[in-house]
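To start, the structure itself, in structure tokens.
Quick note on labels: first sequence line is chain A, next is B, and so on, each numbered from 1.
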Amino acid sequence: MNGKHIRRLGFEKKALPLALAAAQTREAAGVAVPEILDELQAVQADPAAYLAGGVYAELAAHLHDLGLGKRAAEQVQASARLHAAPLPYRVWGEDLIEPGAREQMDVAMRLPIARAGALMPDAHVGYGLPIGGVLAAENAVIPYGVGVDIGCSMMLSVFPQPATSLSTDEARALLMKHTRFGAGVAFEKRERLDHEVLHDPAWKDQALLRHLHPKAAEQIGTSGSGNHFAEFGTLTLRAPELGLEAGEYLALLSHSGSRGFGAQVAGHFTALAQKRWPGLDRAAQKLAWLPLDSEDGQAYWQAMNLAGRYALANHEQIHARLGRALGVRAAAQVSNSHNLAWKQRVNGAELIVHRKGATPAAAGQLGLIPGSMADPGFVVRGTGNSAALDSASHGAGRQLGRKAAANTLARRDVQAYLEGRGVTLIGGGIDEAPQAYKRIEDVIARQADLVDVLAEFRPRVVRMDTGSEDI
DNA sequence: ATGTCC
């Protein structure tokens, strides 16, 4: 009797020495080898029957545990199975939304962890959850339900002086000197500013965060690429609001996120989530989630919230640098995150509400909904619509994808659009052309029951990343 | 969205 006989029966790893020891005991007791092999096969077939005692008990216990482990793993994967039909959800501005975004939201509403959802009128196709998608999940957070740019957000500063007090040339010079745009861009060493968010104790809690801290420190106060911008313009208040009298004011509006730091956090935890559910339906692979009560889920929650605070710190520095250069203190400031997840009570239960390109719009909550580089943006106040999970759109939303915009739009079309509205543009790729976006007036009109408009902001001097194709 | 890897 030797290991070869045992291995041939399919015993491996820890079961192999256990089976061999039992077999040798039987052999010493005078049992013939073919009979022992029959007994081993019987233990293999039904380990539970041999648990009570005897020479095969230890082997049986081990095989029994293996079986339980396998069944548990199967149960875990079964718990990831999608529902056959999506939970019902409301859509605002259905006539403005491409079918692909609806299909993505349908898949999200079939997730076993989904409890409620809504689609905003700026919705368009994204990775996993569509942009403009709102999804409430139970005890789970979906990295791609938040998005790659964790904490992407808006900030508005209103200055107590007329819009005409800053010339186009002055505005352009200020933006060129005090903002930084582009992927990978950081502030020059001697220009860097400190911020309390860089001293947040959370940075020391995870190896990933410790590793990303230097990048965060060098990129703080920068604006990134894509649809991010910083712009001076005119804010029109038709009635007293924000602690200000009605009138026209000089204002600064910025759109920025958590830069390389947030992108790497998103990538790290998306990979962990996808690894966790190898059997997940292909259609939902990018919606892989982390249980909030798991170690990975807790780590993501901490990193995500740190990235959210960091993104707002970026805006604070953008506004502080430009405000200081202007020599004025802002009379009012509004900001909001539109790529983040929040704990929120929904129909009496505490759920995780993901907003991926959606503005929080609880009753009385202030928010900012920008149009495009040459179209107005709006200061809004939420109405607290529960069917929308207290949300609104985060902008106009794309009607052309980046490639489609580059293929169908011409520079002169964009220049004419900018000239017609008196907008000066620094940088800005063709894929960010106003014509690539839905009409903001339509998008605002479709969500009259989600937000009240308090003020209109018209951009005058806009800075964006150069992009691949300069206008 | 990000400088293609944590």
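- A cation-pi arrangement is not found for A/Arg172 relative to A/Phe232, the charged atom failing to lie both closer than 6.0 Å to the ring centre and inside a 45° cone about the ring normal.
- Atom P of nucleotide B/dC6 and atom NE2 of A/His213 are separated by 18 Å, given to the nearest angstrom.
- Within 4.0 Å of A/Lys215, counting heavy atoms only, lie sugar-phosphate atoms of the nucleic acid but no base atom.
- Between the P atom of B/dT2 and the OH atom of A/Tyr310 lies a distance of 11 Å, rounded to the nearest Å.
- Between A/Glu170 and A/Ser167, the side chains place a donor N or O and an acceptor N or O closer than 3.5 Å (distance only, hydrogens not considered).
- A/Met464 places its CE atom 16 Å from the C1' atom of B/dT2, with the value rounded to the nearest Å.
- Looking at heavy-atom distances under 4.0 Å, A/His211 makes contact with a base.
- A residue-by-residue look at A/Tyr144 and A/Leu212 shows that A/Tyr144 has its nearest nucleotide of DNA chain B further toward the 5' end.
- Side-chain proximity of A/His228 to the nucleotides B/dC6, B/dT2, B/dG3 is greatest for B/dT2.
- A/Ser258 comes within contact range of no nucleotide atom at all, as no heavy-atom separation falls under 4.0 Å.
- The residue A/Arg210 sits apart from the nucleic acid: no heavy atom pair falls under 4.0 Å.
- The residue A/Gln206 sits apart from the nucleic acid: no heavy atom pair falls under 4.0 Å.
- Rounded to a whole Å, the CD atom of A/Glu218 is 14 Å from the P atom of B/dT2.
- Identified under the ring-ring contact (aromatic ring centres under 6.0 Å, His included) test for residues 73-108 of chain A, with sequence neighbours left out: none.
- For the pair A/Arg210 and A/Trp203, the cation-pi test (distance below 6.0 Å, angle within 45°) is failed.
- Atom CZ in A/Arg259 sits about 13 Å away from atom P in B/dT4, given to the nearest Å.
- Each of A/Arg402 and A/His268 was matched to the nucleotide of DNA chain B holding its nearest heavy atom; the match closer to the 5' end belongs to A/Arg402.
- Residue contacts shown for A/Gly257 are absent, as no nucleic acid heavy atom lies under 4.0 Å away.
- Judged by distance alone, the side chains of A/Gln333 and A/Ser157 do bring a donor and an acceptor atom under 3.5 Å apart.
- Atom CG in A/Asn314 sits about 10 Å away from atom P in B/dT2, given to the nearest Å.
- Here B/dC5 presents its C1' atom at 15 Å from CZ of A/Phe269, a figure rounded to the nearest Å.
- Per the geometry, CZ belonging to A/Phe261 stands 17 Å off C1' belonging to B/dC5, to the nearest Å.
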